[in-house]
Amino acid sequence: APVAPEPQRGDAQSDAPMSTMRIAHLAPGVGPIDFCYRSATSGTFVGPVLGAPASPRADAGGEDADVADDPFDASSPEDSGASFDVDAGVARFASHRTVSKYLNLQSAGPMTLAIVEAGATSCANALATADVTLDPGKLSTVVLFGRPADAGITLEVGAFTDDRTTEPDKLRVRIVHAALGTTNVPGAGPLAVRAVGAKTTVLADRVEPRRASTPSQAVEVDNLGYVTAPPMSPPVAIAIGPASTDGGADAGFDPWQSQSRDLELRGGSLHTAFVLSGASASTFEILWCADTTIEGNQTSCEHVY
């Protein structure tokens, strides 16, 4: 959808339904970004969100503020661990290969997102726009994808519903396929992903480009793309290769394999792993994110090569 003419920063309505999202910048060759949003029923964008100053807070010496009007405060849902305390006037942005913490938006349901350059003062001149649906009362991850095109990198936006459920004696991991290529490397087709340690655990027997893992009967992958499996002792490597044409989780493939390390695949752990293009068509990189941990203004993620 096109960006409305000259939409500026707007104040959200206090009675608007709310949704909670984080943004993952996975588009190669694209500088730091910010974003704006508007309801499908509204013509006015709110934002840019990340660069906005925080609302006054009582604990900062200001007047009591209604934190529901602060798009940075995601203290709801209660277990999100994502209250967003920033100093007024300090710009925030999402840089390549990072994932923000969760943010509350004063809108829910069908909406339009506009991706803008970091430091933008309005929502005009968007790098990309996309229609998404963010359900009220649920957490979502919005991903900025990039794929090579004749004119450089084409930007696409995808939205994934998150599930913060953990199991004390099981690990839960979701794989998202963002290995769409770069200006020098072609994108990968459907992939299979395994964790390799003292034993081998299938994390996804099939994950399509720009999608989370496909639900499977061969391994316990749910409709949101999360696999539930027994915990694994470190060190663990991640093996990635072409998905089997018949969907069999145990079909042989010639995988790329990361270095072994402690990926914290313990009971009660919860992760989202974004598979990215590597330096060549046969290599990958993984942005391995701990979905229960926040550091500063970002979800805690590490790069796995």
Side-chain angles (χ1 to χ4, degrees), residues 20-26 74 77-84 94-102 139-143 160-179 191-205 207 211-213 216 219-222 224-241 249 255-278 283-305:
T20 304
M21 62 159 277
R22 59 183 178 178
I23 188 164
H25 179 355
L26 305 181
E78 182 178 350
D79 67 346
S80 70
S83 59
F84 198 104
S95 56
H96 183 222
R97 301 188 307 173
T98 64
V99 182
S100 77
K101 63 166 56 176
Y102 286 102
L139 303 177
S140 299
T141 297
V142 172
V143 179
F160 302 86
T161 300
D162 302 337
D163 182 1
R164 293 289 292 262
T165 303
T166 58
E167 297 189 22
D169 58 347
K170 297 288 183 67
L171 60 84
R172 299 187 73 230
V173 177
R174 175 180 57 179
I175 307 296
V176 175
H177 186 337
L191 297 173
V193 182
R194 303 176 186 180
V196 181
K199 60 181 180 178
T200 297
T201 296
V202 177
L203 301 181
D205 59 3
V207 53
R211 298 289 186 267
S213 307
S216 173
V219 291
E220 190 178 345
V221 175
D222 64 20
L224 298 181
Y226 291 91
V227 64
T228 300
M232 297 184 68
S233 300
V236 173
I238 300 298
I240 302 174
W256 166 87
Q257 187 164 304
S258 74
Q259 296 180 352
S260 296
R261 61 198 301 173
D262 185 357
L263 295 177
E264 299 184 348
L265 291 173
R266 303 175 177 85
S269 64
L270 179 67
H271 300 271
T272 293
F274 301 95
V275 178
L276 311 176
S277 297
T283 63
F284 297 93
E285 177 189 340
I286 304 157
L287 186 62
W288 185 268
C289 299
D291 284 351
T292 57
T293 305
I294 298 293
E295 292 183 357
N297 301 320
Q298 297 179 346
T299 299
S300 179
C301 303
E302 58 181 312
H303 299 280
V304 179
Y305 302 94

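Side-chain atoms of Thr299 come within 3.5 Å of backbone N or O of Ser100 as a donor-acceptor pair. The main-chain N or O of Leu287 is never found under 3.5 Å from a side-chain atom of Arg97 such that the two would form a donor-acceptor pair. No side-chain donor-acceptor contact under 3.5 Å links His271 to the backbone of Leu171.
Counting only residues at least two apart or in different chains, salt bridge (Lys or Arg N to Asp or Glu O under 4.0 Å) contacts with residues 228-239 are absent.
The closest side-chain heavy-atom distance from Val221 to Asp205 is not below 4.5 Å. Side-chain contact between Leu26 and Leu276: present, with at least one pair of heavy atoms (C-beta onward) separated by less than 4.5 Å. Counting only heavy atoms from C-beta outward, the side chains of Leu191 and Phe284 approach each other to under 4.5 Å.
Between Arg211 and Val207, the shortest heavy-atom contact is O-CG2, 3.3 Å. Of all non-hydrogen atoms in Ser269 and Arg266, the two that sit nearest each other are OG-O, 2.6 Å. Listed here is the closest heavy atom pair of His25 and Ala94: CD2-O, 3.4 Å. When all heavy atoms of Val304 and Trp288 are compared, the closest pair comes out as CG2-CB, 3.9 Å. Considering every non-hydrogen atom in both Ala212 and Gly225, the closest pair reads CB-CA, 4.3 Å. Here the shortest heavy-atom pairing between Gly267 and Pro231 reads N-CB, 3.5 Å.
Evaluated for a side chain to side chain contact (heavy atoms under 4.5 Å, CB included) with Phe160, the options Val176, Thr272, Leu139, Leu224 yield exactly one hit, Val176. Here the options are Arg164, Arg22, Lys101, the test is salt bridge (charged side-chain N to carboxylate O under 4.0 Å, His left out), and the partner is Asp291; only Arg22 passes. Results of the side chain to side chain contact (heavy atoms under 4.5 Å, CB included) test with Val193 over Val202, Val173, Leu203 single out Leu203 as the only residue that passes.
One distance of note links NE2 of His303 with OG of Ser258; it measures 14.0 Å at 0.5 Å rounding. Atom CD1 in Ile238 sits 15.0 Å away from atom OH in Tyr305 (nearest 0.5 Å). To the nearest 0.5 Å, the span separating OG1 on Thr165 from CG on Asp222 amounts to 9.0 Å. Within the model, atoms CG of Leu270 and CD of Glu167 stand 10.5 Å from one another, a figure rounded to the nearest 0.5 Å.
Not counting sequence neighbours, His177 has no partner by the ring pair (Phe, Tyr, Trp, His ring centres under 6.0 Å) test.
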Practice item. Step by step, work out the salt bridge (charged side-chain N to carboxylate O under 4.0 Å, His left out) result for Arg174 and Asp162. Key: CA-CA 9 Å; Arg174 175 180 57 179; Asp162 302 337; 2.8 Å; yes
